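Just below is one structure, and these are the notes that go with it.
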Number of protein chains: 2
Amino acid sequence: MKKKIYVHVADDHKIVIEGIIAVINTDNEIAINGYSLTGEEVIDFFDKKGNRVDVLILDITMPILDGIEVLRHFKENKINQKVIILSSYDDIKIVEEVLKLGCKGYITKNSAGEHIVNAIKAVANGEQYFSNDIQKSLFTTFSGQQVSQKGDVPDKFLIDSLTEREVDVIRLIVKEYSSQEIADELNVSTRTVETHRKNLIKKLKVKNSVGLAMYAVKNKIV
Amino acid sequence: MKKKIYVHVADDHKIVIEGIIAVINTDNEIAINGYSLTGEEVIDFFDKKGNRVDVLILDITMPILDGIEVLRHFKENKINQKVIILSSYDDIKIVEEVLKLGCKGYITKNSAGEHIVNAIKAVANGEQYFSNDIQKSLFTTFSGQQVSQKGDVPDKFLIDSLTEREVDVIRLIVKEYSSQEIADELNVSTRTVETHRKNLIKKLKVKNSVGLAMYAVKNKIV
DNA sequence: TTTCATCTACGTATTTATACGTAGATGTCT
DNA sequence: AGACATCTACGTATAAATACGTAGATGAAA
């Protein structure tokens with residue numbers, strides 16, 4: 001008999017975890033090793049306790065530490081663990097980010113259960129796996145404009161590239177402050193705020209302040 | 001043997017549906033009648049096709065028509081169907097709203113599977129059922145505790161007051177369109193768009209377009 | 001020491017957004 | 001018939017944001 005594939009599931013919704021476990025149990029090559037409800041628990045499990053499994057199923061949205069931060073922790077601490085992201089988002093920016101952080105698969109919560117099983121087997125086998133919708137997004141991204149991902153591109157993601165001050169500004173933009181109000185709040189001139197705003201729009205590749213706000217909430221800068 | 005309790009599940013995430021089905025199947029008093037992936041499918045099932053089940057498990061967040069709109073449709077068309085809301089939100093305003101719309105139970109996705117089973121049985125039996133966290137929220141609200149909103153009148157659900165056209169506009173604002181671009185898209189003049197924008201800002205009590213976008217995403221207008 | 005990123009600020013010009021307002025056309029409900 | 005909401009559009013005016021720039025001060029890093 002084949003060796004079992006061991007899986008750990010991290011999601012803040014118990015129901016989702018139970019669903020995944022139910023789905024996984026339909027396949028007798030795969031077994032559940034444990035689960036976590038927060039990013040903190042995940043790190044505790046893998047880092048402090050030194051556990052490893054064949055595949056970690058990781059949700060993006062979790063309290064305390066989200067999935068991206070978990071991946072970042074893994075990377076920084078050179079914890080070698082195959083990860084499949086299971087997320088509600090099909091935002092290409094998030095996909096790109098987690099890919100750079102070394103995750104091996106990405107499936108959306110819209111996927112049918114069998115896709116999860118397939119994803120687990122593929123990743124456990126050293127391959128990569130992406131949902132159809134994600135593949136489409138990736139395709140349009142990589143075919144449209146070149147995202148140059150050869151060699152060692154400095155793995156600075158957009159969000160990381162923001163300076164402290166820029167984060168200050170974007171936070172206040174989200175709170176519906178005008179440049180004038182932001183200037184008063186930060187004790188700088190409106191010109192400065194406008195410069196920051198301008199640079200933010202360029203950096204984050206959005207069209208206007210609404211785009212900044214949307215980016216900020218999507219990426220939990222707020 | 002007791003009569004089976006028939007349940008219909010509506011959620012846009014297949015995994016969640018599979019999870020619920022798996023949980024429900026652990027109890028042999030309850031059976032699945034069918035499931036829906038959008039609010040439209042739900043209405044199709046109950047209204048057009050005239051089906052009824054003992055309990056409908058209904059997610060709030062769904063494309064095309066969300067759970068609240070489904071409840072509203074039920075109420076307006078006098079469709080008598082017991083509903084349990086299954087939601088990620090523990091926002092008390094949403095809870096109050098769905099209660100007014102006649103839903104009989106509310107459980108959060110954090111709940112363990114057994115709670116769903118209990119909720120289904122309670123509601124099928126004519127009772128109400130709420131998750132612990134929801135009960136707490138309701139308690140603090142109704143026990144006179146002011147909800148930290150500096151004594152505001154509990155503003156009706158602003159979102160209801162939006163006209164179709166206003167929703168069109170706010171959706172495009174979220175997509176970072178300018179008034180000009182929105183005008184082109186909707187085939188009206190920029191003046192009209194600006195009027196809608198102005199009215200939206202007033203109606204939703206926000207300060208600017210960023211506020212509109214934030215409101216839209218928070219309240220899932222998008 | 002030099003280089004570099006960052007924060008800061010200003011110049012000029014144009015485009016958008018916001019704040020007041022009015023008002024006709026249309027359809028719906030009573 | 002009348003009341004009403006909605007969608008549409010315009011007038012005038014100011015405030016704010018965006019698009020191009022440049023550039024000094026500062027502190028950290030190479």
Side-chain angles (χ1 to χ4, degrees), chain A residues 76 152-217 221-222, chain B residues 69 72-73 75-78 155-217 221:
Chain A
E76 281 166 5
D152 304 322
V153 194
D155 49 6
K156 281 203 163 188
F157 319 111
L158 294 178
I159 188 169
D160 288 340
S161 72
L162 300 189
T163 67
E164 272 186 42
R165 216 46 170 166
E166 285 168 344
V167 173
D168 291 340
V169 170
I170 205 170
R171 284 203 167 116
L172 294 174
I173 287 173
V174 169
K175 287 165 86 173
E176 304 173 35
Y177 281 41
S178 67
S179 288
Q180 180 61 60
E181 290 168 327
I182 295 171
D184 292 344
E185 181 75 24
L186 300 181
N187 293 311
V188 296
S189 83
T190 59
R191 300 307 200 104
T192 304
V193 175
E194 280 159 8
T195 302
H196 287 313
R197 189 193 295 264
K198 176 180 61 180
N199 293 335
L200 280 165
I201 288 174
K202 198 177 173 189
K203 270 190 185 177
L204 300 182
K205 292 175 186 149
V206 295
K207 289 176 63 184
N208 52 34
S209 293
V210 168
L212 290 180
M214 305 298 299
Y215 186 92
V217 292
I221 298 177
V222 283
Chain B
E69 292 174 82
R72 200 169 290 134
H73 181 92
K75 189 169 192 181
E76 281 167 4
N77 295 77
K78 303 197 197 318
D155 26 32
K156 303 261 294 168
F157 306 101
L158 298 176
I159 188 170
D160 287 347
S161 68
L162 300 190
T163 67
E164 271 186 43
R165 214 49 169 165
E166 285 168 344
V167 173
D168 290 341
V169 170
I170 205 171
R171 282 202 168 117
L172 294 173
I173 288 173
V174 169
K175 286 165 88 173
E176 302 173 38
Y177 282 41
S178 67
S179 287
Q180 180 62 60
E181 291 168 328
I182 295 171
D184 292 344
E185 182 75 23
L186 300 181
N187 293 310
V188 295
S189 84
T190 60
R191 299 308 199 103
T192 303
V193 174
E194 279 159 7
T195 301
H196 287 313
R197 189 194 295 265
K198 176 181 61 180
N199 293 334
L200 280 165
I201 289 174
K202 198 178 173 191
K203 270 190 185 179
L204 301 181
K205 291 174 187 153
V206 296
K207 289 176 63 183
N208 52 35
S209 293
V210 168
L212 290 180
M214 306 298 297
Y215 186 92
V217 292
I221 298 179

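Note that the coordinates shown come from a computational prediction; the quantities given were computed from them, not determined experimentally. For the numbers below, each heavy atom of this structure counts, side chains included, while hydrogens, waters and symmetry mates do not. Just so we're on the same page: letters track the sequence lines, and every chain starts at 1.
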Exercise. Within the structure shown, what part of the strands sits under 4.0 Å from Glu194(B) by heavy-atom distance: base, sugar-phosphate, or nothing?
Worked result: base
For this session: Give a yes/no on whether any side-chain N or O of Ser189(A) is located under 4.0 angstrom from OP1 or OP2 of dC10(C).
Result: yes
For this session: In whole angstrom, give the distance that lies between atom CG of Asn199(A) and atom P of dA9(C).
Result: 14 Å
Exercise. Should Arg197(B) and Ile182(B) count as side-chain neighbours, where that means a heavy-atom distance under 4.5 Å?
Worked result: yes
Problem set entry | Length of the line joining Ile173(A):CD1 and dA16(D):C1', which is rounded to integer Å | 12 Å
Problem set entry | Of Lys207(A) and Arg165(B), the one whose closest DNA chain D nucleotide lies more 5' | Arg165(B)
For this session: Could you say whether Lys198(B) or Glu164(A) is positioned toward the 5' end of DNA chain C, judged by the nucleotide with the nearest heavy atom to each?
Result: Glu164(A)
Exercise. Taking atom P of dT15(C) as reference, at what distance in whole Å does atom OH of Tyr177(B) sit?
Worked result: 21 Å
Exercise. Nearest of dA9(C), dT8(D), dT8(C) to any side-chain atom of Thr192(B)?
Worked result: dT8(D)
Exercise. Quick one: is dT8(D) close enough that its OP1 or OP2 comes under 4.0 Å of any side-chain N or O from Arg191(B)?
Worked result: no
Seminar exercise, completed: Checking dC20(D), dC7(C), dT18(D) against the side chain of His196(A) (C-beta onward), the nearest is dC7(C)
Exercise. Is the distance from OP1 or OP2 of dC10(C) to the nearest side-chain N or O of Thr195(A) less than 4.0 Å?
Worked result: no
For this session: Quick one: label Thr190(B) by what it contacts on the DNA or RNA (base, sugar-phosphate, nothing), any heavy atom closer than 4.0 Å.
Result: nothing
Exercise. Do any side-chain nitrogens or oxygens of Ser179(B) fall under 4.0 Å of OP1 or OP2 in dT16(C)?
Worked result: no
Problem set entry | Spacing of Gln180(B) atom CD relative to dT18(D) atom P, expressed in whole Å | 16 Å
For this session: Could you tell me the separation between the CG atom of Leu200(B) and the P atom of dC7(D), rounded to a whole number of Å?
Result: 10 Å
Exercise. Is Thr163(A) near enough to dC7(C) that one of its side-chain N or O atoms lies under 4.0 angstrom from OP1 or OP2?
Worked result: yes
Exercise. Is any side-chain heavy atom of Leu172(A) closer than 4.5 Å to a side-chain heavy atom of Glu181(A)?
Worked result: no
Seminar exercise, completed: Here the distance between atom P of dT18(D) and atom CG of Leu212(A), to the nearest Å, is 7 Å
Exercise. Any side-chain heavy atom of Thr163(A) sitting closer than 4.5 Å to one from Lys203(A)?
Worked result: yes
Exercise. For DNA chain D, whose closest nucleotide is more 5', that of Asn208(A) or that of Val188(B)?
Worked result: Val188(B)
Problem set entry | Pair Thr192(B), Thr195(B): side-chain N/O donor-acceptor within cut-off below 3.5 Å | no
Exercise. Whole-Å distance between dC20(C) P and Lys202(B) NZ?
Worked result: 9 Å
For this session: Starting from C1' on dC7(D), measure out to CD1 on Ile182(B) and report it in whole angstrom.
Result: 16 Å
Exercise. Is Glu185(A) paired with Arg171(A) through a side-chain N to carboxylate O contact shorter than 4.0 Å?
Worked result: no
